[in-house]
Amino acid sequence: MTPGCIIAMFLIIGIIFIPFGLLCLQTSNHIAEIIYRYDVDCVPDAYRGNRQAYIKDSSISKNCTLEAKVLEYMRAPIYVYYELENFYQNHRRYVKSRSDKQLRFGAKYTADSCSPVEWDNNGSPIVPCGLIAWSLFNDTYGFTRGSKEIKVNRKNISWKSDREHKFGKHVFPSNFQNGTLIGGGKLDPTVPLSEQEDLIVWMRTSALPKFRKLYGVIEDDLHADETIAIFVGNNYNTYTFGGKKSIVLSTASWLGGKNDFLGHAYIVTGSLSIIISILFALIHVKYPRPQGDPNCLSWNRKNSNS
């Protein structure tokens, strides 16, 4: 590892990283997105001052209609996400409140780790148990363009490995959301957990308090300057903890969704590498360090003495 080798290594890293970072930024900028926060707009004017009373009153309709303008051409497939903010799925007690064995093999594996949602009022096991499943997101979305419905494909939105290896094909929901305190969405007791894809997506917890999860896929193109109607079932209670809800429509690229961080990270790393290589080169020129003499190595000295 001579000085010349170190200088060349940093220089090569910079030369590779900066163009790749620019390519990532360009790719990210070509991804079209529509983001619409609706948790405020969907509350009736009479309840704007008391949103918790609105969301907890089952006699009040939770349906609302929004309009969104498509600013640029969006080529199918278009991914529909729901975005939550100020929701800490990474909280230690929340993350631990589940039973992976129960999800795979059934009620006999109900465990204390699901506390405080493991048994119903009659002492029967809840399937699926735990706080994660209990807080299942249950807002719904529909779309129209003029008088024509835009269909959303809800199949295969979860990881195939999760469906096949983590959620049982012969495990069905039971005693779920039967208590007095309802956390979120309900599950069809006739459908096995391996086919409950909304649940499978939700159970893969997020590391940050602001996250997106896939709701479905639109398989029709959306053209620039079109106006689409969004029908929202605003059922999920984020008002109690000051959370925010948004719906996101996004195209994708070979890098995935829109994300400028990766491009900026490569550019910053490449720029620092070039600066370091220049700095090392100046130091090497001004204060050259002579190469070591291999003859001074202990094993070479022994050979010369012999």
- Item | Electrostatic pair R212-E83, nearest N-O below 4.0 angstrom | yes
- Task: Taking only Lys NZ, Arg NE, NH1 and NH2, and the carboxylate oxygens of Asp or Glu, determine whether D139 and K245 approach each other closer than 4.0 Å.
- Result: yes
- Can a donor-acceptor pair be found between the side chains of N234 and Y38 at a distance below 3.5 Å? no
- Query: Between F211 and K213, is there a cation-pi geometry (under 6.0 Å to ring centre, at most 45° from the normal)?
  - Reply: yes
- Message: Which residue in the set V201, L199, I200 passes side chain to side chain contact (heavy atoms under 4.5 Å, CB included) when paired with M203?
- Response: L199
- Is a salt bridge present between K160 and D162, judged by a nitrogen-to-oxygen distance below 4.0 Å? no
- CA sep, side-chain torsions, deciding dist, call: S135, Y94, side-chain hydrogen bond (donor to acceptor under 3.5 Å, both in side chains): CA-CA 10 Å; S135 60; Y94 184 88; 2.6 Å; yes
- Task: Ignoring hydrogens and angles, state whether a donor on the side chain of E118 or T110 is under 3.5 Å from an acceptor on the partner side chain.
- Result: no
- Query: Can a salt bridge be assigned to the pair D220 and K151 using a cut-off of 4.0 Å between side-chain N and carboxylate O?
  - Reply: no
- Note on the structure: Paired with L25, the side chain to side chain contact (heavy atoms under 4.5 Å, CB included) test is passed by just one of L262, N259, I267, namely I267
- Task: Please check if any side-chain donor atom of S158 sits under 3.5 Å from a side-chain acceptor atom of R163, or the reverse.
- Result: yes
- Query: With distance as the sole criterion, is a donor-acceptor pair present between the side chains of S28 and D260 under 3.5 Å?
  - Reply: yes
- Query: Going by an N to O cut-off under 4.0 Å, is there a salt bridge joining E219 and R154?
  - Reply: no
